[in-house]
Amino acid sequence: MTVLIPQSLHDALAAATANPDAQIIQGGTDLMVEVNFNHRKPTDVIALRRVDEIRNYVVTADKKNVVIGSGLPYREMEHGELAQLLPALAQAARTVGSPQIRAAGSIGGNLGTCSPAGDALPVLSALDAVINLQTATTSREISVHDFMVGVKRNARQPGELIVSATLPIINGWQGYAKVGVRNAMVISIASCCLVIDREKGSIGVALGSVGPTIIRCRETEQWLAMQIDLKNISIVAPNLLKEFGDRVAKESKPIDDHRSTAAYRRHAVATLSRRLLTRANTQ
Ligand SMILES: Cc1cc2nc3c(=O)[nH]c(=O)nc-3n(C[C@H](O)[C@H](O)[C@H](O)COP(=O)(O)OP(=O)(O)OC[C@H]3O[C@@H](n4cnc5c(N)ncnc54)[C@H](O)[C@@H]3O)c2cc1C
């Protein structure tokens, strides 16, 4: 096995382009589990841990977006400026694994694995994030909705690196909530991210662990926008709140598996989405 440890993004892109079949590793918190179980036996590995350019974030000059490097560990999203700009991402980051996992695990890895249970992914979806992919000679941007194509499948091409994700800074409210079998070190049974953009008067609702990939509840979003003024949202009437959760559950596509049942997952996303909408009105 050869392990390349590039020291710059330029070298990492060159290495990935020269060897498109090489296994990329960032924090290793997903990949090493696969290797330990013999599910993957990489021959060539490109380790990105020393590529500082992707372990950072920048706020764009117009202050409209945050560009998060694919290698930025969750630990850096939990507090400080980034948490103020993207509170839902901070809430999601705080639920990931343990402090050790959050010190190594990254958005790039969450996107690379593309599990429907990935905690960063509903946040990226509800905020309509754009994923930035590069090779040594090409660069493209793809909507996160087109990037996530199925259970642990994404639109990355061989030789491409996930370099960053661009997320909008919204004037409004955003939150993330998840249900698992305990409160820490747990993969979600169901999760929900809700974003209200008060300037645009729009809402984004995205669900995790209740379908082959992250689900955006577009019909429920449109329905709610017809029922209430999202620019001046106040207390949502109990009957509307109930219908909102019921509609969210209807848009989910859960299955029974070793973690939970489809019926419980439907119930969970209805409850989580109602809770988040209630919080949006009171905070
Ligand atoms: C004990 C434990 C608990 C966990 N708990 C959670 C949890 O609560 N929530 C959650 O969402 N996840 C959890 N995970 C899974 C994991 O921590 C996350 O998915 C994390 O985001 C993976 O990031 P990483 O940098 O470690 O990825 P890696 O393991 O390094 O990579 C994962 C995949 O992404 C690819 N990849 C990584 N970076 C790039 C890149 N820049 N370009 C192209 N491909 C890339 C790799 O090739 C690989 O296929 C847990 C894992 C463990 C071991």
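All values derive from a computational prediction rather than experimental measurement. Throughout, residue positions are numbered sequentially from 1 according to the sequence presented. Counting starts at 1 for both ligands and their atoms, in listed order.
- Sorted by first then second residue, the salt bridge (charged side-chain N to carboxylate O under 4.0 Å, His left out) pairs that include residues 48-66, not counting sequence neighbours, number zero.
- Every side chain to side chain donor-acceptor pair (under 3.5 Å) that Asn19 has, sequence neighbours left out, goes to Asp44.
- Tyr264 and His267 have tilted rings, their planes meeting at an angle from 30° to 60° on a 0 to 90° scale.
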All N/O donor-acceptor pairs, side-chain side in residues 104-114, below 3.5 Å, sequence neighbours left out:
from	atom 1	to	atom 2	distance (Å)
Ser106	OG	Ser70	O	3.3
Ser106	OG	Gly109	N	3.0
Asn110	OD1	Asp119	N	3.4
Asn110	OD1	Ala120	N	3.0
Asn110	ND2	Tyr74	OH	3.3
Thr113	OG1	Asp30	OD2	2.7
Thr113	OG1	Gly109	O	3.1

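- For ligand 1, the 4.0 Å heavy-atom shell takes in Gln23, Ile24, Ile25, Gln26, Gly27, Gly28, Thr29, Asp30, Leu31, Val33, Arg40, Leu48, Ser70, Tyr74, Thr95, Val96, Gly97, Ile101, Ala104, Gly105, Ser106, Gly108, Gly109, Asn110, Gly112, Thr113, Ala117, Gly118, Asp119, Arg156, Leu161, Ile162, Lys178, Met185, Val186, Ile187, ordered by chain and residue number.
- No salt bridge links Asp197 with Lys231; every basic N to acidic carboxylate O contact stays at or beyond 4.0 Å.
- Asn65 and Thr166 share no side-chain donor-acceptor pair at under 3.5 Å.
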